[in-house]
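Both ligands and their constituent atoms are indexed starting at 1 by order of listing. Numbers here simply count residues along the sequence, with the first being 1.
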Amino acid sequence: MSRIYNFSAGPAVLPEEVLQEAADEMMDYRGSGMSVMEMSHRSKTYDDIIKTAEADLRSLLSIPDDYEVMFLQGGASQQFAMIPMNLMKNKVADYIVTGQWAKKAYQEAQIYGKANKIASSEDKTFSYIPDCSDLPISPDADYVYICENNTIYGTKFKKLPNTKGKELVADVSSCFLSEPVDITKYGVMYGGVQKNIGPAGVVIVIMKKSLITEDVLPGTPTMLRYKIHADAQSLYNTPPAYGIYICGKVFKWIQKMGGLEAMKKHNEEKAKILYDFLDESSLFKGTVVREDRSLMNVPFITGNEELDAKFVKESKAAGLENLKGHRSVGGMRASIYNAMPIAGVKALVEFMKKFEMENK
Ligand SMILES: *Cc1c(COP(=O)(O)O)cnc(C)c1O
């Protein structure tokens, strides 16, 4: 077996222990005589799997009882529509546009009501987080929307916006479980799991119970109503059963690693190694304003497209994969999620030093 260091933005690296455990249980899940993939989602065995996953997630994030946890499908992108369909009671919502994912959510919301762009960082190719301490929040806004960690551009809200009492809705796909958070500051926190938690096909929605009602926009399909999924505890129809099982294993792994405080420390340590190098390098440069840098996604450039391409090619040959930047920005991007070991980041920096020497 030979594994490379995978810097993919998503689907992304998962803990090897989790993959090994899943492999061990593939043919016969704990004496059931079958794989979790082959199991009825109505069985007692599967019910234990999904209930344990929810309980472990609740404990990791200290999710209070007045919040619902839902395991849904359709990816983060489906939430771009589900959120306005379910929450736009006044048909008004305010969006802070800090990257492509926030922009897509903002555009989708326009189908259902009046979506206001109340702040944006598009003027500087989304390389910073705008000041959100005193924004023109609409008096009748149903919610204020952010993308908390901008996967493509590598920025992160270090401080949540002042929503002036409105519910905050946050897409946390690429920073989910990377550090402790205070759930009570959010009305909704959601994310596709394929960045930091598990295999593609699951999206986790954590939502204040008071926001989950039957009062949704006319025409909202049954499958896109939160109430349906909340009432059925994510078992209204067949859930993404195997994916949820892997997420459950990742929750256990995070617990074993020491929980979210320990994750934060581990992520800060990793990111520092890379950012410190970028700050002193004479060849590579980070593309993001220092105070808004993400711990998860680190974009960088040499300033020369040919050299960037050479770097991507040679790094791949050295066992460092998926370092090519997003097609919309170019350059390079290293995604260093929870499961990326420190050794992976050190190997990357060593390779960058060598490349710098050879290409000065
Ligand atoms: C990847 C990503 C998405 C899109 O996720 P899908 O599951 O592919 O729909 C949305 N938001 C953020 C922040 C992402 O990183």
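- Side-chain N/O atoms of Ser335 and Lys195 include no donor and acceptor closer than 3.5 Å.
- By the criterion of side-chain heavy atoms lying less than 4.5 angstrom apart, applied directly or through intervening Ile, Leu, Val, Met, Phe, Trp or Tyr residues, Met37 is grouped together with Ile246 in one hydrophobic cluster.
- Ser234 contributes atom OG, which lies 10.5 Å from atom CD of Gln73 (distance to the nearest 0.5 angstrom).
- Under the 4.5 Å side-chain heavy-atom criterion for grouping Ile, Leu, Val, Met, Phe, Trp and Tyr, Tyr236 is not connected to Met70 through any hydrophobic cluster.
- Leu135 and Val97 are assigned to two separate hydrophobic clusters, defined by single-linkage of ILVMFWY side chains at heavy-atom distances under 4.5 Å.
- A cation-pi arrangement is not found for Lys124 relative to Phe126, the charged atom failing to lie both closer than 6.0 Å to the ring centre and inside a 45° cone about the ring normal.
- Listed by chain and residue number, the protein contacts of ligand 1 are Gly75, Ala76, Ser77, Phe80, Trp101, Cys147, Asn149, Thr151, Asp171, Ser173, Gln194, Lys195 (heavy atom within 4.0 angstrom).
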